[in-house]
Number of protein chains: 2
Amino acid sequence: MTTTALLHDFCARRGDLAARCRHCGAREFNICQALDPGLQEKLFALALRLQLGKREPVFAAGDPAHYVYNLTEGMVCLSRSLADGRRQILGFLLPGDFIGFEAGETHRCDAETLTEAKACRFERAVFDGFLQDNPETALRLLRMASSELAQAARHEVLLGRKTAVERIASFLLDLRDRSGERHLRTQPLALPMTRSEIADYTGLTIETVSRVLGRLRTDKVIELASTSAVRVIDEAALERMAGPA
Amino acid sequence: MTTTALLHDFCARRGDLAARCRHCGAREFNICQALDPGLQEKLFALALRLQLGKREPVFAAGDPAHYVYNLTEGMVCLSRSLADGRRQILGFLLPGDFIGFEAGETHRCDAETLTEAKACRFERAVFDGFLQDNPETALRLLRMASSELAQAARHEVLLGRKTAVERIASFLLDLRDRSGERHLRTQPLALPMTRSEIADYTGLTIETVSRVLGRLRTDKVIELASTSAVRVIDEAALERMAGPA
DNA sequence: CGGGGCGTTTGATCTTGCTCAAGGCGGCCC
DNA sequence: GGGCCGCCTTGAGCAAGATCAAACGCCCCG
């Protein structure tokens, strides 16, 4: 098999419900990474493999945090809403991302799938026990948490200090880069979220999101294959538009 | 001694450079919490006690991340800047907060003291080793990281979806609550950061920060003892102004 | 194939918070 | 004690993006 074919095969197995960890397409990115086969088997035994539908809630803010999840396939959206309906989307999660680990007893944001998705679900207490017994896994999770914190910091810069154009360009580049890291298709890049969700991620309105995307298209920086897929035509321009580093 | 006197004594020892962990005023909040005395001694042996001046950089974005820090006294400001000078302040850290843990090799934001401060500094590799050997400490750190992530999420809501008044009111309440949890004085509440730093935390300009604070003062919601200390007069009003939960 | 509904696009107007400008206050140094 | 400098406040006008409004297009369903 060629490298491409191998990669294709690898991706096809991503999140296969019956597959053991060593066949899991998300293994390279998620919590199981670098576990030796024995530990992987142990962790697998603790997991419930979950198949989730498109636009299905995983948990809501305030729910008791009984479980933690490791996403293996699909996209999930994390958000927090104010009582009057204003919503802030915190991030769009990709295969390998860890969801639902809380310091307290309840979840503090909403999690919903944007696409069909698969995940490994662990009982919180059981998972904590595994971490106790496997400090290198705890350290790996700590490093993943630290990456998420860095991602949140970049998002705070976007929300607090960037213009509308910079926000949209940064959003597209960030999603593309993270999708690429996870071996997902980037050209065209899937946008399974609605304009309203892009707006709530970037702190803008749907009208502004639509106008900015329209302008990027007019300027030949991107092509919109459909409303839910972009192709980056002029990468350098898009990077310039995303603002200074 | 009365409870108050005990607390006073306790706070006076906060961060005492010579003190062992069991006398450290920040012990209740920081990484050492709930360690048994033996482990505390082991951790203490790994720490360099650091005395920092007012407005002193701790590290800058891009610096190699050789050390991690546990703040025991004073306030530290975390920020990220764009090349054109725009800055986003990520948070104002209080005693007990953990600083500088990175997934990669370098720091990804700037850290600077706002006041004189004290911290325990650990070499990264040594600290990682301690976590390997003490999974319950790793778990505790993981829970602290999860709290920071929740704090970041609240900040994202503030930056993405709140009005100027809501941002300032939320900022004041958040700082007051976190100061209270750490047994710091809350009435009046110290604001060691400049208007410019409040602006860069809230995603506003200094003029808007000044106007909103002025309006809160005019409306008798707060009193400004000096430019760097507030007293909350009408708590309910301030909470209303911070926006719906 | 035609109709309905939702999500998106596009346009016109308005508002919030930014920019630009000037003045005030306070702390610190000489 | 006086002056200077940095930070803060206040005011006037402006602009980026929000709001309000309407039309479009696509998909689904009858």
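In what follows, chains are A, B, ... by sequence order, proteins preceding strands, each numbered from 1. The analysis underlying the following values was restricted to heavy atoms, covering all of them including side chains, and did not include hydrogens, waters or symmetry mates.
Among the heavy atoms of the strands, none lies under 4.0 Å from Arg215(A). Among the protein residues, Leu213(A) comes within range of no part of the nucleic acid, since none of its heavy atoms lies under 4.0 Å from any strand.
For Thr208(B) and dC18(C), the shortest distance from a side-chain N or O to OP1 or OP2 is below 4.0 Å.
The separation between Leu158(B) atom CG and dG17(C) atom P is 12 Å, rounded to whole Å. Nucleotide dA18(D) holds its P atom 11 Å from the CG atom of Asp200(A), rounded to whole Å. Here dC7(D) presents its P atom at 16 Å from CG of Leu191(B), a figure rounded to the nearest Å. In this structure, the CD atom of Glu207(B) is 16 Å from the P atom of dG13(D), given to the nearest Å.
Annotation for Val68(B) and Gly100(B): closest pair CG1-O, 3.9 Å, computed over non-hydrogen atoms.
Remark: the Arg211(A) side chain and the dG11(C) base include a donor-acceptor N/O pair separated by less than 3.5 Å. The base of dC7(D) does not come close enough to the side chain of Glu197(B) for any donor and acceptor atom to sit less than 3.5 Å apart.
For the residue pair Thr113(B) / Lys54(B), no side-chain donor-acceptor distance below 3.5 Å is found, with atom types taken as modelled.
Side-chain rings of Tyr69(B) and Phe98(B) stay apart, their centers remaining 6.0 Å or farther from each other. Ring-centre distance between His66(A) and Phe59(A): not below the 6.0 Å cut-off.
Residue-to-nucleotide proximity on DNA chain D shows that, of Arg217(B) and Val165(A), the 5′-proximal contact is made by Arg217(B).
Of the candidates dC18(C), dA18(D), dC8(D), dC8(D) carries the atom nearest the Ser210(B) side chain, counting heavy atoms from C-beta on.
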